[in-house]
There are 2 protein chains.
Amino acid sequence: MSTLSSPRITETPTAITQIGRLERVTLGERVHAELRELLMSGELAPGQKMSLRSVAETLGMSIMPVREAVARLVSDQSLEVLPNRAVRVPLMSRARFRELTSVRLAVEGFAAEEAARNRSASDLVAMQRFEEAFLDQARSPDPQADQAVRANKELHFAVYRATGLPTLVGIIEGLWLKIGPVLNFDLKISPDRLRTGGAVEQHRRLVAAVSAGDGATARKALTDDIEGAATFIESTGRLLD
Amino acid sequence: MSTLSSPRITETPTAITQIGRLERVTLGERVHAELRELLMSGELAPGQKMSLRSVAETLGMSIMPVREAVARLVSDQSLEVLPNRAVRVPLMSRARFRELTSVRLAVEGFAAEEAARNRSASDLVAMQRFEEAFLDQARSPDPQADQAVRANKELHFAVYRATGLPTLVGIIEGLWLKIGPVLNFDLKISPDRLRTGGAVEQHRRLVAAVSAGDGATARKALTDDIEGAATFIESTGRLLD
DNA sequence: ACAATCTAACTGTGATCACAGATCGCGGCA
DNA sequence: TGCCGCGATCTGTGATCACAGTTAGATTGT
């Protein structure tokens with residue numbers, strides 16, 4: 001793959017080699033991204049266990065990259081390793097769920113407000129695209145939970161990215177990693193929340209307010225969205241303690 | 001060290017063995033804590049490079065625990081590994097400094113407000129203790145920068161812990177890891193900021209407001225504190241770009 | 001005297017081995 | 001039939017080796 005058609009060893013960099021230079025993505029980085037996606041989209045249930053070796057074998061590599069990725073996720077408490085050395089998705093108590101929800105209301109609410117002040121035209125395009133994608137699933141007679149989860153996530157993060165504060169986006173990603181397993185695994189169990197919940201309405205208000213530059217309303221729409229989902233989760237009684 | 005004075009193999013757990021059980025802290029965890037402390041207290045300057053092997057040799061261990069600790073810090077961008085494989089404390093541009101300050105104002109401001117609502121008696125004791133420790137250094141004719149940095153950090157986090165939101169405390173720790181090298185390394189260079197800056201006054205207002213349960217004033221005192229330091233840092237002209 | 005070149009040392013990343021401790025299943029005793 | 005005990009297996013963590021790629025220093029050629 002490297003120098004098949006290269007007449008000389010030291011040649012002028014081609015477009016392909018340039019791409020390789022831009023960012024050599026490490027294996028551990030790829031595993032990290034993979035596990036993040038699984039957690040955020042609720043494909044891993046709270047309490048689900050895994051082992052470094054089994055994951056490594058599944059992905060066809062040694063345990064080293066898996067080890068690094070898991071260590072990073074354990075570091076920010078998206079995963080946990082028990083005293084017995086078992087790695088699992090943390091269980092969620094009612095108290096912890098409420099704590100995370102409180103922080104989300106403050107942080108994501110601030111983000112919505114900032115997004116309304118800073119959004120660019122391309123931000124609005126992205127938001128509208130994912131709002132529509134979510135709407136399609138919510139209205140569908142046969143809604144695909146994973147598609148809805150994905151659209152919901154993309155819509156929210158389109159708003160958050162519009163703040164122009166990448167650090168803030170990173171913080172919110174950390175929050176979603178922790179709450180995703182509960183929020184979205186539950187959604188896959190009871191997908192009727194797509195219809196009964198007010199998500200569609202709050203998304204409409206959110207996008208409209210951000211577009212209009214109305215920060216206060218944007219914050220209110222977002223916090224209503226979060227609280228709506230939180231109320232539903234608490235009502236299911238699936239939380240511990 | 002294990003069974004020197006043990007008459008039997010399976011004996012009733014003593015206090016010492018119990019302590020060992022409570023949480024077996026891994027080597028990587030200890031290195032992580034060590035590096036965090038160095039970053040937060042500004043003992044590592046922006047741009048400072050290190051290598052896994054040299055750190056490992058200094059700490060008297062193999063590179064594995066260092067590798068894990070660095071991977072975690074790179075993961076949340078408290079460190080960075082360049083394309084050349086050099087590990088270093090990230091440089092700080094003026095734009096990035098302002099971004100971090102914006103997020104700090106929002107997140108730590110919220111924390112101060114919550115602390116005023118939730119603080120317990122023991123929280124107040126801790127806050128007052130570290131406020132006094134900071135005051136001692138600020139008023140001293142021969143102020144110790146590292147002592148002042150430490151007292152300042154402890155005071156702030158006593159407030160943040162008073163929120164009862166450990167997730168929020170974790171988020172703020174992440175922010176301090178990123179901004180610590182600039183903020184505190186600079187303080188060690190020009191320690192007169194201890195006197196000229198309004199930190200002492202804002203700390204007094206902060207502790208008083210949190211004690212009184214006055215969230216709005218607590219938030220204002222804290223954001224004034226952050227903005228005062230930020231203004232000073234920007235005025236030094238040591239930021240890039 | 002200076003610049004080009006080449007080699008030796010060093011870099012992070014991935015794989016493999018080692019190890020103490022936990023888990024689980026099978027066998028045997030009651 | 002039910003419970004205990006004892007290996008075999010599996011766990012995360014630490015150490016070591018391997019490797020491609022970079023860096024820096026010395027040596028050579030002009």
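Numbered from 1 within each chain, the chains take letters A, B, ... in sequence-line order. Since we're looking at a predicted model, the values are computed, not measured.
- Here the P atom of nucleotide C/dC10 and the NZ atom of B/Lys49 are 16 Å apart, to the nearest Å.
- The side chain to side chain donor-acceptor pair (under 3.5 Å) pairs that include a residue from residues 158-175 of chain A are A/Arg36-A/Glu173, A/Glu108-A/Tyr160, A/Thr167-B/Arg96, A/Thr167-B/Glu99, where partners are two or more places apart or lie in different chains.
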Under 3.5 Å, N/O pairs linking protein and nucleotides 14-18 of chain C:
from: C/dG14; atom 1: OP1; to: A/Thr26; atom 2: OG1; distance (Å): 2.8
from: C/dG14; atom 1: OP1; to: A/Leu27; atom 2: N; distance (Å): 2.4
from: C/dG14; atom 1: OP2; to: A/Thr26; atom 2: OG1; distance (Å): 3.1
from: C/dG14; atom 1: N7; to: B/Arg67; atom 2: NH1; distance (Å): 3.4
from: C/dG14; atom 1: N7; to: B/Arg67; atom 2: NH2; distance (Å): 2.6
from: C/dG14; atom 1: O6; to: B/Arg67; atom 2: NH1; distance (Å): 3.4
from: C/dA15; atom 1: OP2; to: A/Ser62; atom 2: N; distance (Å): 3.1
from: C/dA15; atom 1: OP2; to: A/Ser62; atom 2: OG; distance (Å): 2.4
from: C/dA15; atom 1: O5'; to: A/Ser62; atom 2: OG; distance (Å): 3.2

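- In this structure, B/Val70 reaches neither bases nor backbone, as no heavy-atom distance under 4.0 Å exists between it and the strands shown.
- The side-chain contact (heavy atoms from CB on, under 4.5 Å) check on B/Ser122 picks up B/Ser120, with sequence neighbours excluded.
- Looking at A/Arg238 and A/Ile189, their side chains come closer than 4.5 Å, going by heavy atoms from C-beta outward.
- Atoms CG (B/Leu82) and C1' (D/dT23) sit 13 Å apart, rounded to a whole Å.
- Taking atom CG of B/Leu79 as the reference point, atom P of C/dG12 lies 11 Å away to the nearest angstrom.
- With hydrogens and angles left out, the side-chain atoms of A/Asp76 and A/Ser78 include a donor and acceptor closer than 3.5 Å.
- Within the model, atoms CH2 of B/Trp176 and CD1 of B/Ile171 stand 15.5 Å from one another, a figure rounded to the nearest 0.5 Å.
- Atom CZ of B/Arg85 and atom P of D/dA20 are 10 Å apart (whole Å).
- Spacing between atom CZ of B/Arg88 and atom C1' of C/dC10 amounts to 19 Å, rounded to whole angstrom units.
- Regarding contacts with the backbone of D/dT23, a side-chain N or O of B/Asn84 is found under 4.0 angstrom from either OP1 or OP2.
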